[in-house]
Amino acid sequence: MHNAHVWGWEIPVYLFLGGMAAGLMIISAIAPKRDSRAMRLLPFAAPLVLSLGMLALFLDLGNKLHVFRFYTAFRITSPMSWGSWILLAIYPVSILYGFTPTRGLQRANLVLGIALGAYTGILLSALGARALWASPLLAPLFLVSGFSSAAAVALVLPLHEDERAFVRRWDVMAIAGELAILTFLFVGLLADGGSRGRAAVALFFGGPFTATFWALVVILGLAAPLLLEMLEQRRHLRAVALAPSFLLIGGLALRWIFVAAGQI
């Protein structure tokens, strides 16, 4: 095997921030209460975070002056075309929902948030020639990971205690879901991916990404915050920034490693 890196740091940063923006939209849409100022302002955070991610994507483009061509046509079979229009729709929907939280805008915020979160994984899985990126589980993996990254941001904001408990409860489920999806993804690659699938899995089990993946993603980014949040939830302990910090590190590391490993 040899390295053939096409994408640099810009793409994992874009995928990370795009997933976080998606999670912020979902949290603001499903939250039963918006009593605190921080929760009411959460919809406005999504387009800000997304803009930073799109800046990273823009820096990666080879022909930056041709970016407008994404919006001159719509190709129903192209994930890039779908993603471009989803990104464009998020700005008015999330901002309007922040100002006027109607039922219709709430549903639109939820649908677009889920679409954006899944798209960050579909963007890679559309490149089926790369075994690691070909799995259909990449979309739900990046979706729940993005939700968890957004929950990490929300948990360090001055939320009311019932709002914090709500976010924490959903984040615990998201982390557990992410661990399950990762397990099924590797099992699926071993079972159906042939020699390329086994080679992809070997990158994480004895290969060059073993230490960073298990240390930064599984242990630091998932297992540790899961235990901390469950402890806070059951013992009614005061929330600290440790678990959210671990979640953010793990979320970024997941995308960085998957983008790099998929290019080997």
Side-chain angles (χ1 to χ4, degrees), residues 13-58 67 70-71 74 79-123 139-175 177-178 239 244 247-248 251 255:
V13 168
Y14 163 65
L15 296 176
F16 172 66
L17 293 175
M20 182 187 294
L24 291 170
M25 295 178 71
I26 295 171
I27 291 173
S28 63
I30 66 174
K33 294 182 179 180
R34 299 178 63 190
D35 296 332
S36 68
R37 178 179 173 83
M39 186 61 79
R40 290 194 298 271
L41 291 177
L42 209 59
F44 299 108
L48 293 176
V49 171
L50 184 59
S51 295
L52 293 176
M54 291 182 69
L55 174 61
L57 178 63
F58 179 75
V67 67
F70 284 112
Y71 300 103
F74 175 70
M80 289 291 288
S81 184
W82 275 98
S84 299
W85 289 100
I86 289 172
L87 293 173
L88 189 65
I90 283 170
Y91 285 89
V93 170
S94 57
I95 293 173
L96 285 173
Y97 179 61
F99 283 118
T100 311
T102 64
R103 179 69 67 178
L105 287 171
Q106 179 188 30
R107 291 173 178 171
N109 219 49
L110 178 60
V111 170
L112 284 174
I114 293 173
L116 173 60
Y119 163 71
T120 59
I122 292 172
L123 180 63
L141 174 65
F142 279 20
L143 173 60
V144 295
S145 177
F147 179 91
S148 198
S149 297
V153 173
L155 287 172
V156 299
L157 298 176
L159 301 177
H160 290 174
E161 192 53 43
D162 56 341
E163 295 172 335
R164 191 180 307 281
F166 170 81
V167 173
R168 187 190 296 120
R169 184 166 59 252
W170 273 87
D171 191 36
V172 166
M173 291 188 289
I175 297 172
E178 190 174 346
L247 285 170
L248 293 174
R255 288 154 182 80

#### Entry: Criterion side-chain contact (heavy atoms from CB on, under 4.5 Å) on Leu42 and Arg34, from CA distance to verdict
CA-CA 9 Å; Leu42 209 59; Arg34 299 178 63 190; over 6 Å; no

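- Proximity of Ile26 to Leu143: side-chain heavy atoms (C-beta onward) are separated by under 4.5 Å at one or more points.
- Counting heavy atoms of neighbouring residues, nucleotides and ligands inside a 6.0 Å radius, atom OH of Tyr91 exceeds 12 of them.
- Formation of a donor-acceptor pair under 3.5 Å by the Ser94 side chain with backbone atoms of Ile90 is found in this model.
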### Task
Run the numbers on Val153 and Leu248 for side-chain contact (heavy atoms from CB on, under 4.5 Å), then give the verdict.
CA-CA 8 Å; Val153 173; Leu248 293 174; 4.3 Å; yes

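- Ring geometry, Phe147 versus Trp170: the interplanar angle falls from 30° to 60°, so the pair is classed tilted.
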### Query
Checking side-chain contact (heavy atoms from CB on, under 4.5 Å) for the pair Leu110/Met25: CA distance, chi angles, key distance, verdict?
CA-CA 6 Å; Leu110 178 60; Met25 295 178 71; over 6 Å; no

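- Distance check: Leu87 CG to Ser51 OG gives 10.0 Å after rounding to the nearest 0.5 Å.
- The minimum heavy-atom distance linking Leu116 with Gly18 is given by the pair CD2-O, 3.4 Å.
- When all heavy atoms of Ser145 and Arg255 are compared, the closest pair comes out as OG-NH1, 2.9 Å.
- Of the inter-residue distances, the one linking Phe166 atom CZ with Ile30 atom CD1 reads 4.0 Å to the nearest 0.5 angstrom.
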### Task
Test side-chain contact (heavy atoms from CB on, under 4.5 Å) on Ile122 and Phe142 and set out the steps.
CA-CA 9 Å; Ile122 292 172; Phe142 279 20; over 6 Å; no

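- Checking side-chain atoms of Arg164 against main-chain N and O of Leu157 turns up a donor-acceptor pair under 3.5 Å.
- The two atoms that bring Ala29 and Tyr97 nearest to each other are CA-OH, 3.9 Å, heavy atoms only.
- Without hydrogens or angle criteria, Ser148 side chain to Val144 main chain gives no donor-acceptor distance under 3.5 Å.
- The structure places CG of Leu247 at 10.0 Å from CE of Met20, a figure rounded to the nearest 0.5 Å.
- Using modelled atom types, one side-chain atom of Glu163 and one backbone atom of Ser36 make a donor-acceptor pair closer than 3.5 Å.
- In terms of heavy-atom proximity, Gly19 sits nearest to Thr120 at N-CG2, 4.0 Å.
- Note that CG of Leu123 and OH of Tyr14 are 6.5 Å apart. Values are rounded to the nearest 0.5 Å.
- Between the side chain of Arg40 and the main chain of Asp35, a donor-acceptor pair closer than 3.5 Å is present.
- Here the side chains of Leu50 and Leu17 are not in contact, with every heavy-atom distance at 4.5 Å or above.
- For Ala56 against Val13, the heavy-atom pair with the smallest separation is CB-CG1, 4.0 Å.
- Residue Ile95 holds its CD1 atom at 11.0 Å from CG of Asn109, rounded to the nearest 0.5 Å.
- Smallest separation of non-hydrogen atoms from Gly117 and Ala22: N-CB, 3.4 Å.
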